[in-house]
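Beneath this line is the structure, given in structure tokens, with notes to follow.
What's counted below: heavy atoms across the whole structure, side chains too, no hydrogens, waters or symmetry copies. FYI, the numbering just counts along the sequence from 1. For ligands, and for the atoms within them, numbers begin at 1 and follow the listed sequence.
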Amino acid sequence: MIKTALVTGATAGFGRAIALRLGKLGYRVIITGRRKERLEDVAKDLQNIGTEVFALNFDVRNFEASQKAIESLPEKFRQIDLLVNNAGLAAGQAPFDKCVLNDFERMIDTNIKGLIYVSKLIIPQMVERGSGHIVNISSIAGIDVYPGGNIYCATKHAVNAITKGMRLDLLDKGVKVSSISPGMAETEFSLVRFDGDEQRAKSVYDGLVPMDADDIADALEFIITRPPHVCIQDILLTPSAQANAYVSFRK
Ligand code: NDP
Ligand code: 8X3
């Protein structure tokens with residue numbers, strides 16, 4: 001039977017690569033994001049590899065919009081076997097005293113509350129069926145805290161606590177819960193973090209080879225292709241030149 005996956009934040013970066021990988025693995029894929037044109041492009045890319053795809057255009061920060069979107073799914077896409085909670089962002093990297101409150105709120109609302117909203121809308125059907133898999137995209141920032149990482153790191157620490165909590169609560173319900181904790185990967189992440197400043201975004205990866213979105217799709221593929229009796233709880237992966245969230249070797 002064809003399985004269905006929902007990937008949040010599939011208009012770019014990890015989410016797009018994961019959606020395409022799931023398509024290649026034979027999943028039916030629901031892609032989500034705020035940028036409609038991008039969603040259409042990713043939907044076309046999926047259709048070109050023969051994947052059945054449905055695009056949902058909503059902001060994960062808005063519970064009512066998320067609910068309306070998920071409730072609008074056609075019958076064929078309603079049973080969600082795999083949820084990839086990927087939508088997220090960092091906003092700025094200033095010391096705490098210099099940060100803009102709105103940046104804190106955007107990160108908390110997207111990375112924590114958005115993940116909770118979408119999960120809350122999808123987990124009940126998994127519990128009812130007694131099967132499902134949730135993969136939360138966390139970060140090395142959920143393990144270490146680096147200067148200027150303050151609230152971004154806090155949101156990913158929260159994602160890790162939520163992941164552990166979900167795993168405990170869903171243990172007897174047949175639902176697996178995993179996370180992926182990437183270090184530096186070149187996507188639109190730094191461009192978003194530094195508000196479109198291309199030079200600053202590029203400089204994050206100066207002197208080292210960062211991961212790319214396909215490296216994270218590889219981790220996802222490993223997690224979801226384990227046999228039923230194995231749950232990969234977390235995969236922490238970094239560029240070879242990164243030791244932790246704040247020590248990297250740059251040539
Ligand atoms: P990108 O900026 O390339 O992609 C982020 C995706 O999230 C986009 O598709 C964006 O879609 C979506 N998104 C952001 N805000 C919202 C929102 N409010 N509602 C719906 N969708 C939203 O970044 P990455 O692919 O790198 O990041 C993906 C995840 O991986 C994030 O959770 C990030 O924290 C995490 N991560 C990234 C690392 C990196 O180095 N790149 C390392 C570790 C973790 P749209 O704008 O169209 O809504
Ligand atoms: C993104 C990776 O190192 O910028 O989660 O926090 S890092």
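- Summarising the contacts of atom 3 (O) of ligand 2 with Val145, Ile140, Ile137, the nearest heavy atom is found in Ile140.
- Contact annotation: Arg193 has at least one heavy atom less than 4.0 Å from an atom of ligand 2.
- Neither the backbone nor the side chain of Ala213 comes within contact range of ligand 1; no heavy atom lies under 4.0 Å.
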Can you list the steps and then say if Phe189 with Tyr152 is a ring-ring contact (aromatic ring centres under 6.0 Å, His included)? CA-CA 12 Å; Phe189 178 84; Tyr152 177 69; 5.5 Å; yes

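- Near Gly183, with a cut-off below 4.0 Å to any heavy atom, the atoms of ligand 1 are 40 (O), 42 (C).
- The Gly13 neighbourhood of ligand 1 comprises atoms 3 (O), 25 (O), with distances under 4.0 Å to a heavy atom of that residue.
- Between the side chains of Ser131 and Asp81, no donor-acceptor pair of N or O atoms lies under 3.5 Å.
- Close contacts of ligand 1 with Ala10, meaning ligand atoms under 4.0 Å from a residue heavy atom, involve 9 (O).
- Some N or O of Thr11 is nearer than 3.5 Å to an N or O of ligand 1, by distance alone.
- Lys176 contributes no side-chain N or O that, together with a main-chain N or O of His229, makes up a donor-acceptor pair within less than 3.5 Å.
- Using a 4.0 Å cut-off between a side-chain N of Lys or Arg and a carboxylate O of Asp or Glu, Asp218 and Arg21 qualify as a salt bridge.
- Under 4.0 Å from ligand 1, the heavy atoms of Tyr152 that appear belong solely to its side chain.
- For ligand 2 and Ala141, the ligand atoms under 4.0 Å from any heavy atom of the residue are 6 (O).
- Near Pro182, meaning under 4.0 Å from any of its heavy atoms, are these atoms of ligand 1: 42 (C), 43 (C), 44 (C).
- Shown here is Asp195, whose CG atom has no more than 12 heavy atoms of other residues, nucleotides or ligands within 6.0 Å.
- The closest donor-acceptor contact from the side chain of Arg250 to the backbone of Asp206 lies under 3.5 Å.
- The part of Ser138 lying near ligand 1 is the backbone, judged by heavy-atom distances below 4.0 Å.
- The residues Arg38 and Glu188 are annotated as salt-bridged, a charged nitrogen and a carboxylate oxygen being separated by less than 4.0 angstrom.
- Of all protein heavy atoms, the one lying nearest to atom 29 (C) of ligand 1 is Asn86 O, 3.1 Å.
- In terms of protein heavy-atom proximity, atom 26 (O) of ligand 1 is nearest to Thr187 OG1, 2.6 Å.
- At a 3.5 angstrom cut-off on N or O pairs, Tyr146 counts as close to ligand 2.
- For Phe96 and Phe104, the ring centers sit closer than 6.0 Å to each other.
- When heavy-atom distances to ligand 1 are checked against a 4.0 Å cut-off, Arg38 has no atom that comes that close, whether in backbone or side chain.
- A salt bridge does not link Lys24 with Glu221: none of the charged nitrogens is closer than 4.0 Å to a carboxylate oxygen.
- For atom 37 (C) of ligand 1, the closest heavy atom belonging to the protein is Phe14 CE1, 3.4 Å.
- Protein heavy atom nearest atom 21 (N) of ligand 1, with residue, atom name and distance: Ala87 CB, 3.6 Å.
- Given atom 48 (O) of ligand 1, the protein heavy atom at minimum distance is Arg34 NE, 2.6 Å.
- One finds a salt bridge joining Asp103 and Arg106 here, because a Lys/Arg side-chain nitrogen approaches an Asp/Glu carboxylate oxygen to under 4.0 Å.
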Test Asn244 against Asp144 for side-chain hydrogen bond (donor to acceptor under 3.5 Å, both in side chains), laying out the working first. CA-CA 7 Å; Asn244 59 32; Asp144 297 318; 4.7 Å; no

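- Remark: the Ser179 side chain and the Asp234 side chain contain an N/O donor-acceptor pair separated by less than 3.5 Å.
- For a threshold of 3.5 Å applied to N or O pairs, the pair formed by Ser139 and ligand 1 contains no separation below that value.
- Among the atoms of Asp59, some N or O lies under 3.5 angstrom from an N or O of ligand 1.
- For the atom pair CZ of Arg34 and CG of Asn62, the computed distance is 12.0 Å after rounding to the nearest 0.5 Å.
- Judged by the shortest distance from any of its heavy atoms, Glu186 lies outside the 4.0 Å radius around the atoms of ligand 1.
- Of all protein heavy atoms, the one closest to atom 5 (C) of ligand 1 is Gly88 O, 3.8 Å.
- If you number the atoms of ligand 1 from 1 as listed, the ones under 4.0 Å from a heavy atom of Gly9 come out as 6 (C), 7 (O), 8 (C), 9 (O), 12 (C).
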Working note: Thr8 + Asn86, criterion side-chain hydrogen bond (donor to acceptor under 3.5 Å, both in side chains); need CA distance, chi angles, decisive distance, verdict. CA-CA 5 Å; Thr8 66; Asn86 165 75; 5.3 Å; no

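- Of the protein's heavy atoms, Val60 N, 3.0 Å lies nearest to atom 19 (N) of ligand 1.
- In terms of protein heavy-atom proximity, atom 39 (C) of ligand 1 is nearest to Ala185 O, 3.5 Å.
- Given atom 2 (C) of ligand 2, the protein heavy atom at minimum distance is Ser139 OG, 3.7 Å.
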